[in-house]
A.B. asks: 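Questions regarding the structure given below will be posed in turn.
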Amino acid sequence: MPKQPLVTVVGSSFVGLTTALALAQNGIRCRLLDTDAAKVGTIQGGKAPFEEPGVHAALRRHLKSGRVSATASIEDGYRGATHVMICVGTPPQWDGAQDLRFIKAVARSIGEEIHGRKRGDYLTVIVKSTVVPGTTMGLVREEVETASGRKAGRDFGLASTPEFLKEGTALKDALHPDRVVVGGIDKRSTDEVLKLFKWAKAPVVRTDPTTAETVKYAANAFLATKVSFANEFANYCAQIGVDWYTVADAIGHDDRIGRRFLNAGVGFGGSCFPKDLQAITVAAQRAGRPLAIAQAALDINGRQPSEVTRVLLQELGGLERKRVAVLGLAFKPGTDDVRESRALEIVAEVLEGGAEATGFDPLVKDQFSKALALQHRANFTRAERMEDAIAGADAVVVQTEAEEFRALKPALVKRKARHALVVDGRRILDPVAFSRAGVDYWGVGIGMVRAVRRGKRRT
Ligand code: UGA
(Lines give C-alpha, C1' and ligand atoms only; values in the text may rest on other atoms or scores of the structure.)
Protein backbone atom coordinates (compact mmCIF):
# COMPACT_ATOMS: atom_id res chain seq x y z
CA MET A 1 0.00 0.00 0.00
CA PRO A 2 1.37 3.46 -0.85
CA LYS A 3 2.50 5.47 2.16
CA GLN A 4 0.10 8.17 3.38
CA PRO A 5 1.83 11.53 3.00
CA LEU A 6 3.34 13.15 6.06
CA VAL A 7 4.55 16.64 5.29
CA THR A 8 7.17 18.37 7.42
CA VAL A 9 6.69 22.08 6.95
CA VAL A 10 9.87 23.93 7.92
CA GLY A 11 9.07 27.46 9.13
CA SER A 12 5.86 28.17 10.99
CA SER A 13 5.28 31.79 10.03
CA PHE A 14 2.60 33.12 7.74
CA VAL A 15 3.22 30.87 4.68
CA GLY A 16 4.22 27.71 6.54
CA LEU A 17 1.39 27.65 9.06
CA THR A 18 -1.29 28.67 6.57
CA THR A 19 -0.16 26.07 4.04
CA ALA A 20 -0.08 23.36 6.71
CA LEU A 21 -3.63 24.23 7.75
CA ALA A 22 -4.89 24.12 4.16
CA LEU A 23 -3.28 20.70 3.66
CA ALA A 24 -4.65 19.44 6.99
CA GLN A 25 -8.11 20.68 6.04
CA ASN A 26 -7.81 18.36 3.04
CA GLY A 27 -6.83 15.32 5.04
CA ILE A 28 -3.03 15.55 4.85
CA ARG A 29 -0.95 15.20 8.00
CA CYS A 30 1.53 18.03 8.56
CA ARG A 31 4.23 18.60 11.11
CA LEU A 32 5.53 22.11 11.62
CA LEU A 33 9.23 22.33 12.37
CA ASP A 34 10.61 25.60 13.66
CA THR A 35 13.82 26.32 15.53
CA ASP A 36 12.03 29.08 17.47
CA ALA A 37 10.84 27.11 20.51
CA ALA A 38 8.68 29.99 21.77
CA LYS A 39 6.78 30.08 18.47
CA VAL A 40 6.33 26.31 18.57
CA GLY A 41 4.97 26.63 22.13
CA THR A 42 2.47 29.27 21.00
CA ILE A 43 1.29 27.04 18.15
CA GLN A 44 1.05 23.98 20.39
CA GLY A 45 -1.13 26.10 22.68
CA GLY A 46 -3.56 26.70 19.79
CA LYS A 47 -2.50 30.24 18.92
CA ALA A 48 -1.02 31.41 15.64
CA PRO A 49 2.03 33.68 15.94
CA PHE A 50 0.29 36.28 13.69
CA GLU A 51 -3.21 37.73 13.17
CA GLU A 52 -5.05 36.26 10.22
CA PRO A 53 -8.78 35.53 9.83
CA GLY A 54 -9.75 31.93 10.54
CA VAL A 55 -6.23 30.76 11.35
CA HIS A 56 -6.58 30.43 15.14
CA ALA A 57 -9.77 28.38 14.82
CA ALA A 58 -8.37 26.14 12.07
CA LEU A 59 -5.20 25.58 14.10
CA ARG A 60 -7.14 24.49 17.19
CA ARG A 61 -9.30 22.20 15.04
CA HIS A 62 -6.33 20.48 13.44
CA LEU A 63 -4.26 20.19 16.59
CA LYS A 64 -7.26 18.31 17.94
CA SER A 65 -7.74 16.17 14.81
CA GLY A 66 -4.03 15.30 15.03
CA ARG A 67 -3.42 16.41 11.45
CA VAL A 68 -1.20 19.30 12.58
CA SER A 69 1.57 19.13 15.15
CA ALA A 70 4.57 21.31 15.87
CA THR A 71 8.08 20.68 17.09
CA ALA A 72 11.35 22.52 17.59
CA SER A 73 13.39 19.33 17.41
CA ILE A 74 15.02 18.68 14.03
CA GLU A 75 15.25 14.97 14.80
CA ASP A 76 11.53 14.65 15.56
CA GLY A 77 10.66 17.09 12.80
CA TYR A 78 11.82 14.96 9.89
CA ARG A 79 11.03 11.53 11.32
CA GLY A 80 8.87 9.49 8.92
CA ALA A 81 8.21 12.45 6.62
CA THR A 82 7.42 11.75 2.97
CA HIS A 83 7.71 15.41 1.96
CA VAL A 84 9.58 18.39 3.39
CA MET A 85 8.27 21.81 2.47
CA ILE A 86 10.66 24.72 2.99
CA CYS A 87 8.75 27.83 4.12
CA VAL A 88 11.45 29.87 5.84
CA GLY A 89 12.05 33.60 5.32
CA THR A 90 14.20 35.09 2.58
CA PRO A 91 14.90 38.60 3.92
CA PRO A 92 16.66 41.28 1.89
CA GLN A 93 20.32 42.13 2.30
CA TRP A 94 21.55 45.75 2.44
CA ASP A 95 21.62 45.98 -1.38
CA GLY A 96 18.16 44.43 -1.90
CA ALA A 97 19.59 41.04 -2.93
CA GLN A 98 18.05 38.03 -1.25
CA ASP A 99 19.59 36.59 1.89
CA LEU A 100 19.40 32.82 1.40
CA ARG A 101 21.13 31.81 4.61
CA PHE A 102 18.00 30.24 6.19
CA ILE A 103 17.23 28.30 3.01
CA LYS A 104 20.81 27.05 2.96
CA ALA A 105 20.71 25.91 6.59
CA VAL A 106 17.42 24.06 6.10
CA ALA A 107 18.63 22.41 2.87
CA ARG A 108 21.70 21.19 4.73
CA SER A 109 19.63 19.75 7.59
CA ILE A 110 17.37 17.98 5.07
CA GLY A 111 20.49 16.56 3.42
CA GLU A 112 21.64 15.22 6.80
CA GLU A 113 18.24 13.62 7.32
CA ILE A 114 18.44 11.93 3.90
CA HIS A 115 21.98 10.78 4.69
CA GLY A 116 20.63 8.94 7.74
CA ARG A 117 17.84 7.25 5.77
CA LYS A 118 18.02 3.95 3.95
CA ARG A 119 18.30 4.25 0.16
CA GLY A 120 14.80 3.93 -1.23
CA ASP A 121 13.26 5.80 1.74
CA TYR A 122 12.30 8.55 -0.70
CA LEU A 123 11.78 12.11 0.51
CA THR A 124 10.50 14.93 -1.70
CA VAL A 125 12.09 18.30 -0.96
CA ILE A 126 9.78 21.17 -1.84
CA VAL A 127 10.75 24.84 -1.89
CA LYS A 128 7.78 27.09 -1.11
CA SER A 129 9.69 30.13 0.13
CA THR A 130 10.00 32.88 -2.46
CA VAL A 131 13.49 32.40 -3.87
CA VAL A 132 15.17 34.02 -6.87
CA PRO A 133 15.15 31.90 -10.05
CA GLY A 134 17.80 29.21 -9.99
CA THR A 135 17.90 28.74 -6.20
CA THR A 136 16.21 25.32 -6.09
CA MET A 137 18.38 23.85 -8.85
CA GLY A 138 21.48 25.64 -7.51
CA LEU A 139 21.88 26.24 -3.79
CA VAL A 140 19.16 23.86 -2.52
CA ARG A 141 20.12 20.95 -4.73
CA GLU A 142 23.84 21.38 -4.00
CA GLU A 143 23.36 21.63 -0.22
CA VAL A 144 21.05 18.59 -0.03
CA GLU A 145 23.27 16.52 -2.33
CA THR A 146 26.47 17.44 -0.47
CA ALA A 147 25.03 16.76 2.98
CA SER A 148 23.30 13.53 1.94
CA GLY A 149 25.80 12.09 -0.50
CA ARG A 150 22.77 11.25 -2.68
CA LYS A 151 21.52 12.57 -6.00
CA ALA A 152 18.46 14.71 -6.65
CA GLY A 153 16.01 13.02 -9.00
CA ARG A 154 17.49 9.59 -8.39
CA ASP A 155 17.54 9.32 -4.59
CA PHE A 156 15.24 12.13 -3.49
CA GLY A 157 12.66 14.40 -5.08
CA LEU A 158 13.15 18.13 -5.60
CA ALA A 159 10.59 20.72 -6.64
CA SER A 160 9.52 24.32 -6.33
CA THR A 161 5.90 25.30 -5.70
CA PRO A 162 5.44 29.02 -5.07
CA GLU A 163 2.65 30.42 -2.92
CA PHE A 164 0.28 33.23 -3.86
CA LEU A 165 -1.39 34.00 -0.51
CA LYS A 166 -2.47 37.50 0.42
CA GLU A 167 -2.35 38.78 3.97
CA GLY A 168 -5.82 39.17 5.39
CA THR A 169 -7.24 36.34 3.24
CA ALA A 170 -4.38 33.86 3.52
CA LEU A 171 -6.32 30.80 4.65
CA LYS A 172 -9.07 31.38 2.11
CA ASP A 173 -6.46 31.83 -0.64
CA ALA A 174 -4.66 28.65 0.45
CA LEU A 175 -7.90 26.64 0.39
CA HIS A 176 -9.03 28.09 -2.96
CA PRO A 177 -5.90 28.71 -5.03
CA ASP A 178 -6.16 30.34 -8.49
CA ARG A 179 -3.53 27.96 -9.79
CA VAL A 180 -1.16 25.30 -8.56
CA VAL A 181 2.32 25.75 -10.02
CA VAL A 182 4.72 22.86 -9.54
CA GLY A 183 8.20 22.69 -10.98
CA GLY A 184 9.88 19.37 -10.33
CA ILE A 185 13.38 18.28 -11.26
CA ASP A 186 11.73 15.19 -12.82
CA LYS A 187 8.29 13.67 -13.31
CA ARG A 188 8.31 11.79 -10.02
CA SER A 189 9.08 14.93 -8.02
CA THR A 190 6.26 16.88 -9.70
CA ASP A 191 3.83 13.96 -9.18
CA GLU A 192 4.79 13.72 -5.50
CA VAL A 193 3.97 17.41 -4.95
CA LEU A 194 0.72 17.20 -6.92
CA LYS A 195 -0.38 14.33 -4.66
CA LEU A 196 -0.66 16.94 -1.90
CA PHE A 197 -2.85 19.25 -3.98
CA LYS A 198 -5.26 16.74 -5.57
CA TRP A 199 -8.12 18.48 -3.76
CA ALA A 200 -7.45 21.92 -5.29
CA LYS A 201 -10.01 22.97 -7.87
CA ALA A 202 -7.53 25.03 -9.85
CA PRO A 203 -5.55 24.83 -13.09
CA VAL A 204 -2.27 22.98 -12.64
CA VAL A 205 0.93 24.21 -14.25
CA ARG A 206 3.62 21.51 -14.44
CA THR A 207 7.03 22.90 -15.18
CA ASP A 208 10.66 22.92 -14.05
CA PRO A 209 11.87 24.47 -10.75
CA THR A 210 13.41 27.64 -12.20
CA THR A 211 10.29 28.44 -14.23
CA ALA A 212 8.10 27.92 -11.14
CA GLU A 213 10.31 30.33 -9.17
CA THR A 214 10.07 32.87 -11.98
CA VAL A 215 6.24 32.64 -12.03
CA LYS A 216 6.14 33.96 -8.48
CA TYR A 217 8.31 36.99 -9.26
CA ALA A 218 6.56 37.75 -12.54
CA ALA A 219 3.17 37.70 -10.74
CA ASN A 220 4.27 40.04 -7.96
CA ALA A 221 6.21 42.33 -10.31
CA PHE A 222 3.21 42.61 -12.61
CA LEU A 223 0.77 43.42 -9.78
CA ALA A 224 3.16 45.94 -8.23
CA THR A 225 3.70 47.51 -11.64
CA LYS A 226 -0.06 47.85 -12.04
CA VAL A 227 -0.20 49.74 -8.74
CA SER A 228 2.70 52.01 -9.69
CA PHE A 229 1.15 52.61 -13.10
CA ALA A 230 -2.07 53.65 -11.35
CA ASN A 231 -0.16 55.93 -8.97
CA GLU A 232 1.83 57.63 -11.72
CA PHE A 233 -1.27 58.20 -13.85
CA ALA A 234 -3.25 59.31 -10.80
CA ASN A 235 -0.68 62.02 -10.03
CA TYR A 236 -0.88 63.25 -13.61
CA CYS A 237 -4.69 63.18 -13.54
CA ALA A 238 -4.80 65.28 -10.38
CA GLN A 239 -2.48 67.79 -12.05
CA ILE A 240 -4.79 68.28 -15.06
CA GLY A 241 -8.09 68.18 -13.15
CA VAL A 242 -9.14 64.66 -14.17
CA ASP A 243 -10.29 62.00 -11.70
CA TRP A 244 -8.08 58.91 -12.03
CA TYR A 245 -10.74 56.72 -10.39
CA THR A 246 -13.17 57.45 -13.24
CA VAL A 247 -10.41 56.63 -15.72
CA ALA A 248 -9.51 53.42 -13.83
CA ASP A 249 -13.15 52.28 -13.75
CA ALA A 250 -13.46 52.93 -17.48
CA ILE A 251 -10.28 51.13 -18.53
CA GLY A 252 -11.03 48.34 -16.05
CA HIS A 253 -14.06 47.32 -18.12
CA ASP A 254 -11.64 46.08 -20.75
CA ASP A 255 -11.03 42.56 -19.57
CA ARG A 256 -7.52 42.63 -21.04
CA ILE A 257 -6.78 45.30 -18.42
CA GLY A 258 -9.12 44.50 -15.50
CA ARG A 259 -10.04 46.86 -12.68
CA ARG A 260 -8.19 45.10 -9.86
CA PHE A 261 -4.91 46.60 -8.57
CA LEU A 262 -5.61 49.93 -10.25
CA ASN A 263 -6.43 51.70 -6.98
CA ALA A 264 -4.08 54.64 -6.68
CA GLY A 265 -2.82 55.40 -3.19
CA VAL A 266 0.26 56.24 -1.21
CA GLY A 267 2.11 53.22 -2.61
CA PHE A 268 2.43 49.49 -2.00
CA GLY A 269 3.99 48.03 1.12
CA GLY A 270 4.05 44.73 2.96
CA SER A 271 6.50 41.90 3.22
CA CYS A 272 6.27 40.89 -0.44
CA PHE A 273 6.05 43.47 -3.21
CA PRO A 274 8.91 45.78 -2.15
CA LYS A 275 11.24 42.94 -1.15
CA ASP A 276 10.44 40.74 -4.15
CA LEU A 277 10.84 43.56 -6.65
CA GLN A 278 14.19 44.47 -5.15
CA ALA A 279 15.36 40.86 -5.18
CA ILE A 280 14.35 40.25 -8.80
CA THR A 281 15.79 43.55 -10.06
CA VAL A 282 19.13 42.76 -8.40
CA ALA A 283 19.02 39.19 -9.78
CA ALA A 284 18.21 40.44 -13.30
CA GLN A 285 20.95 43.06 -13.11
CA ARG A 286 23.42 40.36 -12.12
CA ALA A 287 22.20 38.19 -14.99
CA GLY A 288 22.99 41.06 -17.38
CA ARG A 289 19.34 41.71 -18.32
CA PRO A 290 18.01 44.51 -16.09
CA LEU A 291 14.25 44.69 -15.54
CA ALA A 292 13.60 48.36 -16.29
CA ILE A 293 9.84 48.24 -15.67
CA ALA A 294 10.13 46.54 -12.28
CA GLN A 295 12.80 49.07 -11.33
CA ALA A 296 10.51 51.94 -12.39
CA ALA A 297 7.65 50.46 -10.34
CA LEU A 298 9.94 50.50 -7.29
CA ASP A 299 11.14 54.05 -7.96
CA ILE A 300 7.59 55.39 -8.35
CA ASN A 301 6.61 53.59 -5.17
CA GLY A 302 9.49 55.17 -3.30
CA ARG A 303 8.29 58.65 -4.26
CA GLN A 304 4.55 58.17 -3.74
CA PRO A 305 4.35 58.81 0.06
CA SER A 306 5.92 62.26 -0.58
CA GLU A 307 2.70 63.28 -2.35
CA VAL A 308 1.19 63.49 1.14
CA THR A 309 3.99 65.66 2.54
CA ARG A 310 3.84 67.90 -0.52
CA VAL A 311 0.14 68.59 0.09
CA LEU A 312 0.67 69.13 3.83
CA LEU A 313 3.46 71.62 3.18
CA GLN A 314 1.39 73.44 0.61
CA GLU A 315 -1.79 73.58 2.71
CA LEU A 316 -0.28 74.17 6.14
CA GLY A 317 2.49 76.50 4.98
CA GLY A 318 5.13 74.34 6.70
CA LEU A 319 5.20 71.54 9.23
CA GLU A 320 6.88 73.17 12.23
CA ARG A 321 4.75 72.79 15.38
CA LYS A 322 1.93 71.16 13.42
CA ARG A 323 0.24 67.91 14.37
CA VAL A 324 -0.68 65.30 11.78
CA ALA A 325 -3.08 62.42 12.41
CA VAL A 326 -2.38 59.26 10.40
CA LEU A 327 -5.26 56.82 10.08
CA GLY A 328 -3.95 53.37 9.18
CA LEU A 329 -0.53 52.19 10.36
CA ALA A 330 -0.42 48.71 8.80
CA PHE A 331 0.55 48.28 5.14
CA LYS A 332 -3.07 47.52 4.29
CA PRO A 333 -6.36 46.97 6.15
CA GLY A 334 -7.22 43.72 7.91
CA THR A 335 -3.69 43.05 9.18
CA ASP A 336 -1.40 44.23 11.96
CA ASP A 337 1.64 43.92 9.68
CA VAL A 338 3.60 47.19 9.48
CA ARG A 339 6.43 45.90 7.31
CA GLU A 340 7.21 48.44 4.57
CA SER A 341 4.00 50.26 5.50
CA ARG A 342 3.76 53.60 3.74
CA ALA A 343 2.70 55.01 7.11
CA LEU A 344 6.32 54.60 8.24
CA GLU A 345 7.48 56.80 5.35
CA ILE A 346 4.73 59.37 5.84
CA VAL A 347 5.29 59.66 9.59
CA ALA A 348 9.07 59.92 9.13
CA GLU A 349 8.70 62.71 6.54
CA VAL A 350 6.19 64.61 8.66
CA LEU A 351 8.42 64.37 11.76
CA GLU A 352 11.48 65.41 9.82
CA GLY A 353 9.55 68.49 8.72
CA GLY A 354 9.18 69.45 12.39
CA ALA A 355 5.63 68.24 13.07
CA GLU A 356 4.31 65.74 15.59
CA ALA A 357 2.29 62.73 14.49
CA THR A 358 -0.48 60.71 16.07
CA GLY A 359 -1.51 57.42 14.56
CA PHE A 360 -4.44 55.10 14.84
CA ASP A 361 -5.07 51.65 13.40
CA PRO A 362 -7.77 49.21 14.53
CA LEU A 363 -5.27 46.29 14.59
CA VAL A 364 -1.81 47.76 15.11
CA LYS A 365 -0.33 48.16 18.58
CA ASP A 366 3.23 49.03 19.58
CA GLN A 367 4.90 47.37 16.62
CA PHE A 368 4.55 50.59 14.63
CA SER A 369 6.56 52.75 17.06
CA LYS A 370 9.17 50.00 17.26
CA ALA A 371 9.51 50.05 13.47
CA LEU A 372 10.15 53.81 13.44
CA ALA A 373 13.72 55.11 13.54
CA LEU A 374 14.87 55.77 17.13
CA GLN A 375 15.04 59.55 16.66
CA HIS A 376 11.39 59.62 15.56
CA ARG A 377 9.79 57.64 18.36
CA ALA A 378 9.47 60.53 20.83
CA ASN A 379 7.34 62.60 18.46
CA PHE A 380 4.91 59.87 17.51
CA THR A 381 1.94 58.88 19.68
CA ARG A 382 -0.42 56.01 19.03
CA ALA A 383 -4.05 56.69 19.83
CA GLU A 384 -6.49 54.00 20.98
CA ARG A 385 -9.42 55.51 19.10
CA MET A 386 -9.76 57.28 15.76
CA GLU A 387 -11.24 60.39 17.30
CA ASP A 388 -8.38 60.70 19.77
CA ALA A 389 -5.93 60.71 16.87
CA ILE A 390 -7.93 63.43 15.12
CA ALA A 391 -8.32 65.63 18.22
CA GLY A 392 -6.26 68.80 17.80
CA ALA A 393 -4.74 67.73 14.46
CA ASP A 394 -3.85 70.18 11.71
CA ALA A 395 -4.42 67.51 9.08
CA VAL A 396 -5.90 64.02 8.93
CA VAL A 397 -4.13 61.60 6.57
CA VAL A 398 -5.92 58.41 5.51
CA GLN A 399 -3.29 55.74 4.87
CA THR A 400 -5.36 52.52 4.58
CA GLU A 401 -8.86 51.75 3.41
CA ALA A 402 -10.05 50.19 6.72
CA GLU A 403 -13.85 50.11 7.07
CA GLU A 404 -13.68 52.36 10.11
CA PHE A 405 -11.98 55.09 8.06
CA ARG A 406 -14.50 54.78 5.23
CA ALA A 407 -17.11 55.75 7.81
CA LEU A 408 -15.20 58.91 8.83
CA LYS A 409 -17.66 61.81 8.95
CA PRO A 410 -16.72 65.40 8.05
CA ALA A 411 -18.52 66.53 11.22
CA LEU A 412 -16.02 64.61 13.38
CA VAL A 413 -13.08 66.31 11.65
CA LYS A 414 -14.70 69.75 12.04
CA ARG A 415 -15.45 69.13 15.69
CA LYS A 416 -12.18 67.54 16.77
CA ALA A 417 -9.41 68.78 14.49
CA ARG A 418 -7.67 72.14 14.84
CA HIS A 419 -7.66 72.61 11.09
CA ALA A 420 -10.28 70.99 8.82
CA LEU A 421 -8.00 69.31 6.26
CA VAL A 422 -8.27 65.70 5.13
CA VAL A 423 -5.63 64.06 2.92
CA ASP A 424 -7.22 60.94 1.51
CA GLY A 425 -4.33 58.71 0.51
CA ARG A 426 -6.62 55.84 -0.55
CA ARG A 427 -9.60 57.66 -2.07
CA ILE A 428 -12.19 56.16 0.24
CA LEU A 429 -14.00 59.33 1.28
CA ASP A 430 -16.50 61.40 -0.65
CA PRO A 431 -14.79 64.66 -1.71
CA VAL A 432 -18.12 66.43 -2.23
CA ALA A 433 -19.47 65.52 1.21
CA PHE A 434 -16.29 66.77 2.88
CA SER A 435 -16.00 70.01 0.93
CA ARG A 436 -19.70 70.80 1.42
CA ALA A 437 -19.30 70.27 5.13
CA GLY A 438 -16.50 72.85 5.15
CA VAL A 439 -13.48 70.51 5.16
CA ASP A 440 -10.60 71.01 2.73
CA TYR A 441 -10.16 67.68 0.98
CA TRP A 442 -7.24 66.33 -1.05
CA GLY A 443 -7.52 62.93 -2.65
CA VAL A 444 -4.96 60.89 -4.54
CA GLY A 445 -5.84 60.95 -8.24
CA ILE A 446 -8.18 63.92 -7.93
CA GLY A 447 -6.20 66.58 -6.05
CA MET A 448 -7.63 69.42 -4.00
CA VAL A 449 -11.34 69.88 -3.49
CA ARG A 450 -11.66 72.99 -1.36
CA ALA A 451 -14.16 73.45 1.44
CA VAL A 452 -17.30 75.28 0.44
CA ARG A 453 -17.17 78.57 2.33
CA ARG A 454 -19.92 81.18 2.30
CA GLY A 455 -21.99 78.97 0.01
CA LYS A 456 -19.34 78.80 -2.75
CA ARG A 457 -17.27 75.83 -3.73
CA ARG A 458 -13.84 76.39 -5.25
CA THR A 459 -11.75 73.61 -6.73
C1 UGA B 1 0.90 40.06 -2.39
C2 UGA B 1 0.21 39.36 -3.57
O3 UGA B 1 -1.06 39.98 -3.84
C4 UGA B 1 0.02 37.86 -3.29
O5 UGA B 1 -0.53 37.22 -4.44
C6 UGA B 1 1.38 37.24 -2.96
O7 UGA B 1 1.27 35.86 -2.65
C8 UGA B 1 1.96 37.96 -1.77
O9 UGA B 1 2.11 39.38 -2.08
C10 UGA B 1 3.30 37.34 -1.47
O11 UGA B 1 4.20 37.42 -2.31
O12 UGA B 1 3.41 36.65 -0.45
P13 UGA B 1 0.05 41.03 -0.01
O14 UGA B 1 1.42 41.62 0.11
O15 UGA B 1 -0.55 40.30 1.13
O16 UGA B 1 0.00 40.00 -1.27
O17 UGA B 1 -0.94 42.25 -0.31
P18 UGA B 1 -1.75 42.85 -1.53
O19 UGA B 1 -3.18 42.80 -1.21
O20 UGA B 1 -1.31 42.32 -2.83
O21 UGA B 1 -1.30 44.40 -1.42
C22 UGA B 1 0.07 44.79 -1.56
C23 UGA B 1 0.18 46.30 -1.47
O24 UGA B 1 -0.35 46.90 -2.66
C25 UGA B 1 -0.59 46.93 -0.30
O26 UGA B 1 0.21 47.92 0.30
C27 UGA B 1 -1.81 47.54 -0.96
O28 UGA B 1 -2.30 48.66 -0.28
C29 UGA B 1 -1.24 47.95 -2.31
N30 UGA B 1 -2.29 48.06 -3.36
C31 UGA B 1 -2.95 46.96 -3.80
C32 UGA B 1 -2.56 49.31 -3.90
O33 UGA B 1 -1.96 50.34 -3.51
N34 UGA B 1 -3.53 49.41 -4.88
C35 UGA B 1 -4.20 48.32 -5.33
O36 UGA B 1 -5.06 48.48 -6.23
C37 UGA B 1 -3.92 47.07 -4.78
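Just so you know, ligand 1 is whichever comes first in the structure, and atom 1 is the first atom listed for that ligand.
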A.B. asks: Between Leu262 and ligand 1, which part of the residue brings a heavy atom under 4.0 Å of the ligand: side chain, backbone, both or neither?
C.D. replies: backbone
A.B. asks: I'd like to know if Cys272 contacts ligand 1, where contact means a heavy-atom distance under 4.0 Å to any ligand atom.
C.D. replies: yes
A.B. asks: Tell me the protein heavy atom at minimum distance from atom 3 (O) of ligand 1, and give that distance in Å.
C.D. replies: Lys166 CG, 3.6 Å
A.B. asks: Rounded to the nearest 0.5 Å, how far apart are CG of Asp95 and CD of Gln285?
C.D. replies: 11.0 Å
A.B. asks: How many angstroms lie between CG in Leu21 and NE2 in His56, if you round to the nearest 0.5 Å?
C.D. replies: 11.0 Å
A.B. asks: So, 4.0 Å and heavy atoms of Gly265: is ligand 1 close enough to count as a contact?
C.D. replies: no
A.B. asks: Return yes when Thr130 approaches ligand 1 closer than 4.0 angstrom through a heavy atom, no otherwise.
C.D. replies: no
A.B. asks: Suppose I only count heavy atoms of Lys332 and a 4.0 Å limit; which atoms of ligand 1 are within that range?
C.D. replies: 13 (P), 15 (O), 17 (O), 18 (P), 19 (O)
A.B. asks: What's the shortest distance from atom 24 (O) of ligand 1 to any protein heavy atom, and which residue and atom give it?
C.D. replies: Phe268 CB, 3.3 Å
A.B. asks: Within 45° of the axis and under 6.0 Å from the centre of the six-membered ring of Phe360, does NZ or CZ of Arg385 qualify?
C.D. replies: no
A.B. asks: Does Phe368 form a ring pair (Phe, Tyr, Trp, His ring centres under 6.0 Å) with Phe380? I'd like the steps, not just the answer.
C.D. replies: CA-CA 10 Å; Phe368 185 82; Phe380 172 80; 5.0 Å; yes
A.B. asks: For atom 6 (C) of ligand 1, what's the nearest protein heavy-atom neighbour? Residue, atom name and distance, please.
C.D. replies: Leu165 O, 3.3 Å
A.B. asks: Heavy atoms only: which of Arg426, Glu163, Arg339 lies closest to atom 33 (O) of ligand 1?
C.D. replies: Arg426
A.B. asks: Taking only heavy atoms of Lys216, which atoms of ligand 1 are found under 4.0 Å from at least one of them?
C.D. replies: 6 (C), 7 (O), 10 (C), 11 (O), 12 (O)
A.B. asks: Short list, please: which atoms of ligand 1 are under 4.0 Å from a heavy atom of Asp276?
C.D. replies: 11 (O)
